[in-house]
Peer 1: 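The structure follows.
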Amino acid sequence: MAKFDLAIGIGGAAGQGIATPGDILARIFVRRGLHLNAYNAYQSIIRGGHIFLTLRTSEQPVLSMGDKLDVLLPLNQDSMDRHLKLMSAGAAVLYNGDKIKPGTAADGVQLCSFSVKELAPNIKGDLVQNTIALGALLRLIGVEFKPLEEILTIQFKRKGAAVIAENLGVARAGYDYATAHFKPFPFSLPDTGKKFAFFEGNQALAMGGAAAGVRFYCAYPMSPATGVLHWMARHGRELGIMVRQVEDEIGVINMAIGAAHAGCRAMCATSGGGFALMSEALGSAAMMEIPVVCIDVQRAGPATGVPTKTEQGDLWQVMGAGQGDYPRIIVAPTTITDCFKTVPELFNLVDKFQCPGIILSDLLLSEGRSSVDPSELDFNVPIDRGEIIGLNGDGPPANAYQRYKLSESGISPRALPGTPGYIHVVATDEHDEDGVLISDEFTNPHKRQAMHEKRMRKMEGILSLLEPPKIFGPGNAQVTLLGWGSTQGVIREALEKLAEAGIVANHLQIKWLVPLHSEAIQSIISQSKKLIIVENNYSGQFARYLRSETGIVAAGHVRKYDGEPFMPHHIVDGVKAILAGASQKYVPVHEVMV
Amino acid sequence: MAKFDLAIGIGGAAGQGIATPGDILARIFVRRGLHLNAYNAYQSIIRGGHIFLTLRTSEQPVLSMGDKLDVLLPLNQDSMDRHLKLMSAGAAVLYNGDKIKPGTAADGVQLCSFSVKELAPNIKGDLVQNTIALGALLRLIGVEFKPLEEILTIQFKRKGAAVIAENLGVARAGYDYATAHFKPFPFSLPDTGKKFAFFEGNQALAMGGAAAGVRFYCAYPMSPATGVLHWMARHGRELGIMVRQVEDEIGVINMAIGAAHAGCRAMCATSGGGFALMSEALGSAAMMEIPVVCIDVQRAGPATGVPTKTEQGDLWQVMGAGQGDYPRIIVAPTTITDCFKTVPELFNLVDKFQCPGIILSDLLLSEGRSSVDPSELDFNVPIDRGEIIGLNGDGPPANAYQRYKLSESGISPRALPGTPGYIHVVATDEHDEDGVLISDEFTNPHKRQAMHEKRMRKMEGILSLLEPPKIFGPGNAQVTLLGWGSTQGVIREALEKLAEAGIVANHLQIKWLVPLHSEAIQSIISQSKKLIIVENNYSGQFARYLRSETGIVAAGHVRKYDGEPFMPHHIVDGVKAILAGASQKYVPVHEVMV
Amino acid sequence: MSLPMMKEESKSRSVEAKREGPKLTVKDFKGRVDPDWCPGCGDFGLLAALKQALVELELQPHEVLTVSGIGCSSNLPGYVNAYGMHTLHGRAVAVATGAQLANHKLKVIVTGGDGDGYGIGGNHFLHTMRRNVDLTYLVMDNQIYGLTTGQISPTSIKGMKTKSTPFGSVENPINPIPLAIAAGATYVARGFTGQVKQLVELIKGGIRHRGFSLIDVFSPCVTYNNDNSHEFFKARVKKLEEMGHDPTNFHAAIDKAYLWGDAIPIGLFWKRTDLPSLDELEPVLAEGGPLAHRPLGVSPEAAKALIQVLM
Amino acid sequence: MSLPMMKEESKSRSVEAKREGPKLTVKDFKGRVDPDWCPGCGDFGLLAALKQALVELELQPHEVLTVSGIGCSSNLPGYVNAYGMHTLHGRAVAVATGAQLANHKLKVIVTGGDGDGYGIGGNHFLHTMRRNVDLTYLVMDNQIYGLTTGQISPTSIKGMKTKSTPFGSVENPINPIPLAIAAGATYVARGFTGQVKQLVELIKGGIRHRGFSLIDVFSPCVTYNNDNSHEFFKARVKKLEEMGHDPTNFHAAIDKAYLWGDAIPIGLFWKRTDLPSLDELEPVLAEGGPLAHRPLGVSPEAAKALIQVLM
Ligand SMILES: Cc1ncc(C[n+]2csc(CCOP(=O)(O)OP(=O)(O)O)c2C)c(N)n1
Ligand SMILES: Cc1ncc(C[n+]2csc(CCOP(=O)(O)OP(=O)(O)O)c2C)c(N)n1
Ligand code: SF4
Ligand code: SF4
Ligand SMILES: [Mg+2]
Ligand SMILES: [Mg+2]
């Protein structure tokens, strides 16, 4: 282990309480100023089945779940059977030997069996094995008992002193048993002296919304977007955010549009299926020129698909959502922390340009967790609500107010309902500058053309405000890896591994998808020797889009669509195979059976 | 008038009964074996406003509404004011001088005023002016009175002898008045001796469905797709087609999917907004592998847009419809008769490949009317229902039936509910070969990958059965015009006009959009000197798609998005401007104020 | 799941605050353009009644937001001088809910057709009623799809011949009144555009009512519905007031609602005032005024607390 | 719009044709995999009752089509050896209508959750009831969204604390029974998974009934709903049979449906047999057998006639 980099896998069935040891470990790491990345592979089942949580920590930022496991904590036989074969020399496997039998492990894998019966003979319930294992694990990675004691005390505070004592006792037993019987890792868990926080992408999106000043949030539950709703429901009251669970996603987006028109910053989140239902109304927001933000947290499709698995499969859906051409902004945040930052940025844009904004997250980002330096969570963000008139009682304009006044920017100042003197009607039918319909009596092809052009002109203004993508890594690279959205971390890590293997690569990650900085991308890629596009879907949705906008055709593609995210070596292997000319399209096989 | 080519415009308010003279004229034309094209520019209003019907007839096939009017029949002052300025030397304007005053007409325009008060002093109601004008018009174009007599007799049969007599009298009065007072055109309406039929695109789609063996049709009314429902409702009973009006478009597509799974060929039609609501379910049809056909009759968007106006603005919507990647077939018929032929073709494909098929029509095709040689309306079409097993009581297979058996083609034989021995469950969740979900307990990334690939493999098989597009016109053309779907006729006509102007152009029209014959297109376009793409939308939806699939970038674009269809000269002007280097994108102005 | 049948007035239902501003007339509520409905369309009657009600309630145009879907009837917002939203087909009630909760000082009036509200919009209709959102919903029920030139609607009578049912509909219609009562609406009435005076009172009552009010209005389509014409209703409607109906009597309300034939009751069927409206129940609105007027962002203390729990 | 309250049996309702084929047992209806529901989930009870009902009705697996949406409960078709469709969230009733009309010889049984059916699926629910489509709809009503790990559903009681309402829901729930009656369902019952014997009878009655039958079944979620547990219902449910209820009594049905508290009625609330089901009313089905079995295409004569009118 050159630099300190520890990955722990905890596996078992749904309902076996994997989340708690995961949370405790995460807390211990971030409180020591260690970086963290956590990814939970789970299934659409409430009890049973199989869950596998990977927690990885390091002194350096942790960009992905990584390629290897140092510790395996199987909570049932199934998990042991699935994962033992992934462990290699130097790794340790911690398990309750009363119930779980290891198979044959690779050489150098330390099999650390403990007996729950022996260590906690009087305690009922299955959760005790988790606590013992946690104690033992901390001992193995050279952590004093105290941090665990602290966190357990907080964790069980509500359940009273007896429960705390019991859990501390059990954890201690595991800790002590490990001291006596297991070989610790050749390091002690570092403490950088910093203090980090950690959060999942959905929390980051919700907090970003709060920072942006969202006052109305509504949703219909849908994995993997429900976390945003849960955060909002939990914190809405204290923050003055109205949170509503609606009858369906059509109701959601329309309600958000109503709230937005009345003057609130309004947001909603869903996954692909719910987004499909919203698509008609997104066009209506553009037509009425109402700013609204909708998050699509992608999961493996099509249709219901694999609800608890990740994919980047909705790009063409969001680009094509709704009939006709209309201005829209589509952005795919690149990290969990970027989720937080993107929301206020996007709100300023949609408010300025009075059009819908779509955030493309995915399960990997939204349910993944990462450490964050609290100083990066700046809630004091710039807020630009665009041109709203009449707010300060500045009285009606000399002429009758024209809600959709033609303008070079495509933007017309809006007035909120309730404002004296600016009466108008917004409409989803084509309309004139004053809002009067031009789809019936006053139909007029020239006016229609002018209004359509006015709306679409906004796209230029938006583009001019978006930060162009930048190349990362050496300029003279053999190969450029291009990704979009959530894959930034894993591609960066693949870059490092490629460098170790003597392959000089650089990296371009696209965050702002629509409108696209085509020229900037073209000029970057024109410098590049060989382009490989990495995406988490079957058909190369971004590759096709990139070609449509820039003509760029990549030399190779690394694609994955089995529901699981990329691990760094998948990309590395793909790049090698493509560079070796073995294939143009490389589809890795996911080795971890989850 | 070199070759015989006559265009008549009838204008007035909704409710003034424009349809009837239009229908009568159309019938007179096709019964003389003349070709016909009719386009009705109307508004989303039930009474009032403005309607303008253009009827064009010729001995040659009529490819579009054309560029000029020979006869104007304004039924009110508004229509006179809007259109008189379009008339040029040789043209005639027929109007009720009691109520309508002409403005200044161009030299050589014959103003034919008649007086309803004089010619039909005792008849009440406004419709009488239409009948008088019709009589006068027929006289002007050299038709004997008899055909009109016949048709009026049929038309009013249900209303009894007195009404027939009254109408015949009035028509006769108009006819005779014209004989006495107006200068007839220098020709008599030809009679080719053939007998044609005429129909609108929606009727053609519905009849195509009947020919294909559709047994279940359901819809929610939406202009401009409602005509399909109306035809089906009228004829369903006699043809054994169940026709249902459903509560909303989500219900429509899901009901159609249910009927399709049970074994019926099932179809539905809507416009862009309804299609947006259907998009989730289309993905579910692909996931469950159920064949279903959905028609999107495009209108001017976004949102409610201009419900009675045409556009080709839904291409990206249908390409992106629904989350995730899934196999789908998208086809845009190129003529009204092609609408009829496309439906059975598409049903054979979706049945064979067990996936959804989408027909992209538009208002121009669906509500436009054209003549057709009845021999082209062959209902005896080949029917291929794909692999359905167990139908002949062939008993259960040795092993338990696997609905989603992996296969090279991606196709697995299906069994219909009710078949003994082939019990299975279809699911929108990802599933294994036997239909068991692999989204919960049995989640497995390798199986997921295999099933996803199985479905997507169908796209290759589909492509291999689609006819590649072919170039039309001279091989050594200066410029190639490329269009898709409904614009075929007007582009062909532009080609002729360009030839007259000494510009040699050829033409490539794309009908099968997804999957796309990229290689065939590339090889055709590689022969072409200059490519100009013509489409009826703002953003060049096809141009962008073409680039994404082939890398082809056109030298120029002619685009229109004011709600009205192209007239030939719009394209001619655009080609000239682009060839002259004046612009890369040409957006014509619609001169007819409708 | 229980819907107790208590009839107590809930407290603090101040209905009409004192109005400032000039006293307005119906003319002041005339929209930018004249209606483009067919001459004789029932919707004219509803438009007149609505403007009259707004005048009598002494509301100012900027205090009112009309929200509609798509249909002939849904063109109404364009004909009223008030803030308006002409949204998608079937979605008016959902949009209106968002607007009402975002600014609960607005009087939000939803207008539309039977197809819009009971057909494609049925799910929002259902759930908005149970939530008792403070909206006044005026359905111009012509028992037909007017704008799409005549197809059956969910309230078309069985046997009706339309373009989509040329041989007569075989479907049972819904009866919006019992449906609304069962779904939890707290003010349920039926009006007729041929009885504008009563209609004005019903609308005023609906706007005054805190909670969801449905006013299903017979608004005959002179172009596509010959079965249920102005004359048809004129000969049959009977005012509930004159029938001695007590709108707090649940059974009587339902029984009266099913009457159909020689006497068709119009008026207020059902009203309960013991259920607060959603905005009254929503703690976020308890203080601070309309959400739409509140300052944006998160206080430094709140931000700190949010971060703290992540550490 | 009228819903006459006649109680005559409509003719020709042959319910169970004579069965050929072997006599089956519950085991024959076991699906390919075991349920993956939480141990103790109410849905096990419904699954058992459904299989028992199919056995007692002497149906063959291939004669039955189960159709579900998405949710824990909607996984049911995978656990029954019968044809099945596991469709999109909220869309089961619409899909089932298509399948039933395409092959009206199938027994089509729709199964799903309260969120699926009354939440997102509410509009199809409403209109399928008024059309009286011959479906048997079993709603596993656990008053919660189970599969998405616990948020309020349209039947969650007011005040319920869930992940989406951590401080208690402020919304009024719907009561599916009166709603279904008002919407026009012709067989409306409530069951409880703790009373499997009665449930079997209710399901059998529903399948036998020609028309739309709703059976709302208390099917407690042991993981996310602590308010309405098996014990909660066990202590409260009371059989309508034992309460002397007459399911043809409209007022009594509605009154009983609103009872909630110490005694919560279960059983058949409402049944009417005077309204034919949609397939019976649809002339296209009058002869020729199921549409799905008919030959495709148009006869030459019919084709000729179609073309003739265009000339
Ligand atoms: C999603 C969608 N589907 C269909 C339509 C077409 N459409 C417009 S209005 C209308 C029905 C109008 O009937 P109703 O709501 O009763 O209003 P009316 O015209 O009778 O006043 C329909 C089906 C649409 N605009 N959007
Ligand atoms: C369009 C869409 N929105 C949301 C979801 C997510 N979703 C799956 S099941 C479910 C609700 C489940 O509740 P219920 O129908 O009551 O079934 P239960 O799990 O309680 O049996 C939701 C919201 C989805 N699959 N599709
Ligand atoms: S079509 Fe009917 S509803 Fe529409 S405006 Fe005319 S009369 Fe009114
Ligand atoms: S979560 Fe609830 S509804 Fe779902 S399986 Fe578990 S107990 Fe049943
Ligand atoms: Mg209507
Ligand atoms: Mg539920």
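Order of the sequence lines sets the chain letters (A, B, ...), proteins ahead of strands, with each chain counted from 1.
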Peer 1: Which residue out of A:Leu416, A:Val426, A:Val243 racks up the most heavy-atom pairs below 4.5 Å with chain C?
Peer 2: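 Max contact count across the listed options: A:Val426.
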Peer 1: Heavy-atom distance under 4.5 Å to chain C: side chain of A:Glu280, backbone, both or neither?
Peer 2: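 Contact with chain C is through both the backbone and side chain of A:Glu280.
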Peer 1: Can you tell which of C:Gly98, C:Gly78, C:Ala99 has the highest number of heavy-atom pairs within less than 4.5 Å of chain A?
Peer 2: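 Between C:Gly98, C:Gly78, C:Ala99, the count favours C:Gly98.
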Peer 1: Which answer fits A:Tyr422, side chain, backbone, both or neither, if we ask what part of it has an atom under 4.5 Å from a heavy atom of chain C?
Peer 2: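 A:Tyr422 touches chain C through backbone and side-chain heavy atoms alike.
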Peer 1: Chain C heavy atoms under 4.5 Å from A:Phe196: which part of the residue, side chain, backbone, both or neither?
Peer 2: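 Only the backbone of A:Phe196 comes within 4.5 Å of chain C.
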Peer 1: Verify the neighbour count for atom NZ of A:Lys157: are there more than 12 heavy atoms of other residues, nucleotides or ligands below 6.0 Å?
Peer 2: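 No, NZ of A:Lys157 has 12 or fewer neighbouring heavy atoms, counting only those of other groups under 6.0 Å.
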Peer 1: Let's test your reading of the structure: which of A:Met287, A:Glu441, A:Met242 forms the most heavy-atom pairs below 4.5 Å with chain C?
Peer 2: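 Winner by heavy-atom pair count: A:Met242.
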Peer 1: Keeping the roles fixed (side chain from C:Tyr83, backbone from A:Ala262), state whether a donor-acceptor pair exists under 3.5 Å.
Peer 2: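 Side chain of C:Tyr83 to backbone of A:Ala262, a donor-acceptor pair under 3.5 Å: no, none is there.
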Peer 1: If I take atom CD1 from residue A:Ile423 and atom CD from residue C:Gln60, how far apart are they, to the nearest 0.5 angstrom?
Peer 2: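 Taking CD1 in A:Ile423 and CD in C:Gln60, the distance rounds to 9.5 Å.
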Peer 1: Of all of A:Asp378, A:Ile383, A:Asp440, which one pairs up most often with chain C through heavy atoms under 4.5 Å apart?
Peer 2: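 Top count of heavy-atom pairs under 4.5 Å with chain C: A:Asp440.
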Peer 1: Look at A:Leu437, A:Asn380, A:Ile257 and state which one has the largest set of heavy-atom pairs under 4.5 Å with chain C.
Peer 2: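 Most heavy-atom pairs under 4.5 Å with chain C: A:Leu437.
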Peer 1: List the atom of C:Pro283, the atom of A:Arg237, and the distance in Å for their closest heavy-atom pair.
Peer 2: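 C:Pro283 and A:Arg237 have their closest heavy atoms at CG-CZ, 3.3 Å.
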Peer 1: With a 4.5 Å cut-off on heavy-atom pairs, point out which of A:Val30, A:Leu391, A:Ile241 contacts chain C the most.
Peer 2: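 Most heavy-atom pairs within the cutoff with chain C belong to A:Ile241.
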Peer 1: Counting heavy-atom pairs closer than 4.5 Å to chain C, which one of A:Gly263, A:Cys264, A:Ser371 comes out on top?
Peer 2: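 Ranked by contacts with chain C, first place is A:Cys264.
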Peer 1: For A:Asn254 and C:Val93, what are the C-alpha separation, side-chain angles and deciding distance, and is it a side-chain contact (heavy atoms from CB on, under 4.5 Å)?
Peer 2: CA-CA 9 Å; A:Asn254 282 287; C:Val93 172; over 6 Å; no
Peer 1: Given that the side chain runs from C-beta out, which part of A:Arg31 has a heavy atom under 4.5 Å from chain C: side chain, backbone, both or neither?
Peer 2: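 Only the side chain of A:Arg31 comes within 4.5 Å of chain C.
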Peer 1: Checking C:Val284 against chain A: side chain, backbone, both or neither under 4.5 Å from a heavy atom?
Peer 2: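 When you check distances to chain A, only side chain atoms of C:Val284 fall under 4.5 Å.
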Peer 1: Pick one of side chain, backbone, both or neither for C:Leu278, based on which atoms fall under 4.5 Å of a heavy atom in chain A.
Peer 2: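 For C:Leu278, the side chain is the part near chain A, not the backbone.
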Peer 1: Under a 4.5 Å cut-off applied to non-hydrogen side-chain atoms, are A:Asp434 and C:Arg32 in contact?
Peer 2: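 Yes, side chains in contact.
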Peer 1: Just by distance, do the side chain of A:Arg244 and the backbone of C:Leu101 share a donor-acceptor pair under 3.5 Å?
Peer 2: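 No, because the side chain of A:Arg244 does not come within donor-acceptor range (under 3.5 Å) of the backbone of C:Leu101.
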Peer 1: With chain A, which of C:Asn81, C:Thr128, C:Asn103 has the greatest number of heavy-atom pairs at distances under 4.5 Å?
Peer 2: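 Maximum pair count with chain A is reached by C:Asn81.
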Peer 1: Under a 4.5 Å heavy-atom cut-off, does chain A meet the side chain of C:Leu65, its backbone, both or neither?
Peer 2: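 Side chain only.
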Peer 1: Select one option (side chain, backbone, both, neither) describing which atoms of A:Ala210 are under 4.5 Å from chain C's heavy atoms.
Peer 2: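 Both parts, backbone and side chain.
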Peer 1: Could you check if a side-chain atom of C:Met85 sits within less than 4.5 angstrom of a side-chain atom of A:Val425, using non-hydrogen atoms only?
Peer 2: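 Result no, sub-4.5 Å side-chain heavy-atom pair not found.
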Peer 1: Non-hydrogen atoms of chain C under 4.5 Å away: do they reach the side chain of A:Ala281, the backbone, both or neither?
Peer 2: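 Both backbone and side chain.
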Peer 1: Taking only residues two or more places apart in sequence or in another chain, which ones pass side chain to side chain donor-acceptor pair (under 3.5 Å) with C:Thr148?
Peer 2: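 Residues passing side chain to side chain donor-acceptor pair (under 3.5 Å) with C:Thr148: C:Gln151.
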Peer 1: Does A:Ile250 reach the side chain of C:Asn123, with side-chain heavy atoms less than 4.5 Å apart?
Peer 2: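 Side chain of A:Ile250 against side chain of C:Asn123, heavy atoms only: no contact under 4.5 Å found.
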Peer 1: Checking heavy atoms, do the side chain of A:His235, its backbone, both or neither come under 4.5 Å from chain C?
Peer 2: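 The answer is the side chain of A:His235.
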Peer 1: Only one of C:Arg91, C:Arg131, C:Arg130 forms a salt bridge (charged side-chain N to carboxylate O under 4.0 Å, His left out) with A:Glu247, so which one is it?
Peer 2: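 Result for salt bridge (charged side-chain N to carboxylate O under 4.0 Å, His left out) with A:Glu247: C:Arg131.
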Peer 1: Measure from the side-chain N and O atoms of C:Thr97 to the backbone N and O of A:Met255, and report whether any donor-acceptor pair falls under 3.5 Å.
Peer 2: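 Absent.
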Peer 1: Counting only pairs under 3.5 Å, give me each side-chain donor-acceptor contact of residues 296-311 of chain C, with atom names and distances, residues two or more places apart or in other chains.
Peer 2:
residue	atom	partner	partner atom	Å
C:Ser299	OG	C:Glu301	OE1	3.4
C:Ser299	OG	C:Ala302	N	3.1

